[in-house]
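Working notes for the structure below.
Since the model is a prediction, treat every value here as computed from it, not as a measurement.
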Amino acid sequence: MKKTIYFLTAFLMIIALKSCTEDTFMPNTDPASYGKPTDLLYADILNAREYSKLKSGIPHVDTQDLVPSYEIISGKNGEGELLDDTFMSDVTIDNVDLTAADLDYSTAGRIIIATGNKFGPGDYYFTIKVSTELNGKMFETTFDDIFHIHVGPQLVKDLLYSPIAQNLVVGTDKTTSKPYLLSGNPNVTFALTSHLDIFQIDTTTGVISLVDGYTVTEDETHYPSVQVTSNLSKEITEFQGGSFLMLVISNEPVVLPRQTIYFFYPTLQSENTLYGYRKEVITQGAISYGKTWIQNAPSPLALAERPSNVTGIKSLVTNIVIGKDSNPHESDVIINSQDLTKYSLGYDVTTVFYTKNMYVEYLPDGSTPTELEIYYSLDYDGDNSKATWVQINDQIKCEINNDGKEFIGTPYPGDQKLTNGDPDGRKDSTHNPDNKWVRNQFDLNNFKTEKNFTLKFKFASYFEGQINYTSNEGRGGRYYISDVHFKASEE
């Protein structure tokens, strides 16, 4: 009897809990009990920069748990004038993808203004409509001027005196060159914040000269500090150092050497953009992810041109041979994107890197099973598959083993033997890179207006299925990358 009462009580409790749960959490599908979206709130952005990309925060809105849909109705400037399509075509707003299996609200309502837009200094306001829908009934609210941004002038981040080393001769009217403003709004004022007893500066042009009556008994070298103040926002940037401006004062003219700036020289010492690169494996093959592009000793041939302040350098290597077998493998090393515009005037700009192939044995038809392909992109934004990549192997100036003989086009992998033919027509016994470091140089002078130049190395396989080198089927081998760097040499 007691058991019967116990089970009956437990059963009734389960029924009661189930009823309570269904009644509490079952969605309300009656449109009459819902209202329009309310309480849309965006955080103001008060430190935007003219013509630059901007992303708002994710807004708060009360939709009574219905999925919101966002629409930008209009934008206007601080004077209340509506913005035309030359402004608004660069403005988009994120929405939930209702076709996805799992709805993602993480960026819903985020407003994005694309780089290169028309938004100059000033205030701007956006009117947003939020809509919801339930069983065919629409609910919508328009929030006037709900998102506010204040756009300030671009600050001068790159100030160029060319050449960097300049000579001022006592007793003459010689001055420095007029500096180039390579970035930022040009409405600025110049000032010196050091060496005020030696130099004076034209506040409008930035030209520096000796103060009246200054003399020297022997040559003096100084590194003055130049301050640039925005006349629009009164914000200040400051420049100083040996890579910015070196002034030599003398009684007679002196010839100063041209300088080279190594503006990006990553160490590659760990798989991280902090060390200059990221990797992506497209076709794994038989090797593990952890064995793809691992660190190794750097090229000893690069030591002669490697700056003394660059330490911890490593090379990267991938070997696709496991046992005696090679399986198709494809992976990329993507070097950090570079802004080349700061060297658009007065510089010869190049990228240099060292490569090596080992143990590459040809397929039965005499062709190479693998190669290190080299590409660049101008629109890479972190998505390798969506970027436009241009292969440049045939445009690179190469030198094998520092032998002093330069040629155009990366050498064909392997030992160049013609035993089984040359179906690709690229073998050349005078350009044999097998187990030798190759210095590669690519001219960047045609890209000096680009803000997003990206270099990529691809381990590419040209064979299908597994091949075994003891059966004379070919061998995938290994490839090395070392001392990738970008430099600007004064013209």
Side-chain angles (χ1 to χ4, degrees), residues 268-271 277-302 313-335 353-375 384 391 393 398 400-401 410-424 426-429 431-440 456-484:
L268 310 181
Q269 65 192 71
S270 184
E271 184 189 329
Y277 78 102
R278 62 182 291 263
K279 77 179 183 185
E280 182 171 331
V281 176
I282 294 95
T283 302
Q284 188 71 60
I287 62 172
S288 66
Y289 181 90
K291 294 293 185 182
T292 308
W293 297 115
I294 61 175
Q295 279 64 34
N296 206 284
S299 169
L301 301 188
I313 286 286
K314 296 290 184 181
S315 69
L316 302 176
V317 59
T318 288
N319 176 21
I320 69 168
V321 181
I322 305 297
K324 300 177 181 178
D325 298 320
S326 303
N327 287 271
H329 171 84
E330 181 181 349
S331 61
D332 294 343
V333 170
I334 304 172
I335 304 299
F353 46 89
Y354 287 75
T355 58
K356 181 171 69 170
N357 74 83
M358 293 177 64
Y359 307 123
V360 175
E361 297 182 10
Y362 300 130
L363 299 172
D365 68 352
S367 65
T368 182
T370 58
E371 187 165 8
L372 189 64
E373 298 177 347
I374 304 164
Y375 296 82
N384 189 10
Q391 189 173 359
N393 288 70
C398 299
I400 299 173
N401 210 30
T410 56
Y412 199 64
D415 59 14
Q416 314 301 302
K417 291 181 180 179
L418 300 173
T419 305
N420 296 323
D422 181 18
D424 294 327
R426 292 176 54 202
K427 291 181 180 178
D428 185 341
S429 60
H431 298 159
N432 182 1
D434 192 34
N435 196 20
K436 300 172 185 175
W437 283 105
V438 178
R439 184 184 186 275
N440 303 260
K456 180 174 82 169
F457 301 87
K458 178 183 289 292
F459 192 120
S461 295
Y462 306 138
F463 63 99
E464 297 180 358
Q466 188 178 86
I467 56 176
N468 184 290
Y469 69 83
T470 59
S471 301
N472 296 318
E473 296 172 341
R475 184 176 185 177
R478 64 182 66 173
Y479 289 87
Y480 294 77
I481 304 167
S482 183
D483 286 84
V484 182

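- For S331 and W293, the side-chain atoms include at least one donor-acceptor pair closer than 3.5 Å.
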Is there a side-chain contact (heavy atoms from CB on, under 4.5 Å) between D428 and Y412 once you walk through the steps?
CA-CA 8 Å; D428 185 341; Y412 199 64; over 6 Å; no
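- Summarising the geometry, atom CG belonging to N435 is positioned 11.5 Å from atom CG belonging to D415; distances are rounded to the nearest 0.5 Å.
- The existence of a salt bridge linking E373 and K458 is excluded, since no basic side-chain nitrogen approaches an acidic carboxylate oxygen closer than 4.0 Å.
- P364 and N420 get closest at one heavy-atom pair: O-CB, 3.3 Å.
- Distance OG/S429 to CG/L418: 7.5 Å, rounded to 0.5 Å.
- Remark: the backbone N or O of L372 is paired with a side-chain donor or acceptor of N393 at under 3.5 angstrom.
- Side-chain contact of S367 with D424: a donor-acceptor pair under 3.5 Å is absent, judged by distance alone.
- Under the 3.5 Å distance criterion, the side-chain polar atoms of E371 are left unmatched by any main-chain donor or acceptor of P369.
- Between T370 and Y479, the side chains place a donor N or O and an acceptor N or O closer than 3.5 Å (distance only, hydrogens not considered).
- Residues meeting the ring pair (Phe, Tyr, Trp, His ring centres under 6.0 Å) test with F463, sequence neighbours left out: none.
- Atoms CG and NZ, from N432 and K427 in turn, are 11.0 Å apart once rounded to the nearest 0.5 Å.
- Cation-pi check for K456 over Y375 is met; the charged atom lies under 6.0 angstrom from the ring centroid and within 45 degrees of its normal.
- Residue T355 is tested with T410, D483, N440 for a side chain to side chain donor-acceptor pair (under 3.5 Å); the sole match is N440.
- Of all heavy-atom pairs between Y362 and Q416, the closest is OH-N, 2.9 Å.
- Nearest heavy-atom pair, G477 versus V321, reported as atom, atom and distance to 0.1 Å: N-CG2, 3.5 Å.
- Listed for the S299 side chain is no donor-acceptor partner under 3.5 Å among the backbone atoms of S482.
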Walk me through whether F457 and F353 qualify under ring-ring contact (aromatic ring centres under 6.0 Å, His included).
CA-CA 11 Å; F457 301 87; F353 46 89; 4.9 Å; yes
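- For the atom pair NZ of K324 and CG of N468, the computed distance is 7.0 Å after rounding to the nearest 0.5 Å.
- The structure places OG1 of T292 at 3.5 Å from CD1 of I287, a figure rounded to the nearest 0.5 Å.
- Side chains of Y480 and N296: a donor-acceptor N/O pair is absent below 3.5 angstrom, by distance only.
- Proximity of a side-chain donor or acceptor of Y354 to a complementary backbone N or O of P298 within less than 3.5 Å is not detected.
- Across every non-hydrogen atom of H431 and P411, the tightest pair is O-CB, 3.7 Å.
- Annotation: cation-pi pair K279/F459 absent, no NZ/CZ under 6.0 Å from the ring centroid and within 45° of its normal.
- Under a 3.5 Å cut-off, the side chain of S461 and the backbone N or O of H329 do form a donor-acceptor pair.
- Inter-residue side-chain proximity for L316 and Y277 is flagged as met; some heavy-atom pair is nearer than 4.5 Å.
- Contact of the N401 side chain with the L301 side chain is registered, since non-hydrogen atoms from C-beta on lie closer than 4.5 Å.
- With values rounded to the nearest 0.5 angstrom, K436 atom NZ is found 10.5 Å from N357 atom CG.
- Side chain of Q466 to backbone of N327: no donor-acceptor contact under 3.5 angstrom is found.
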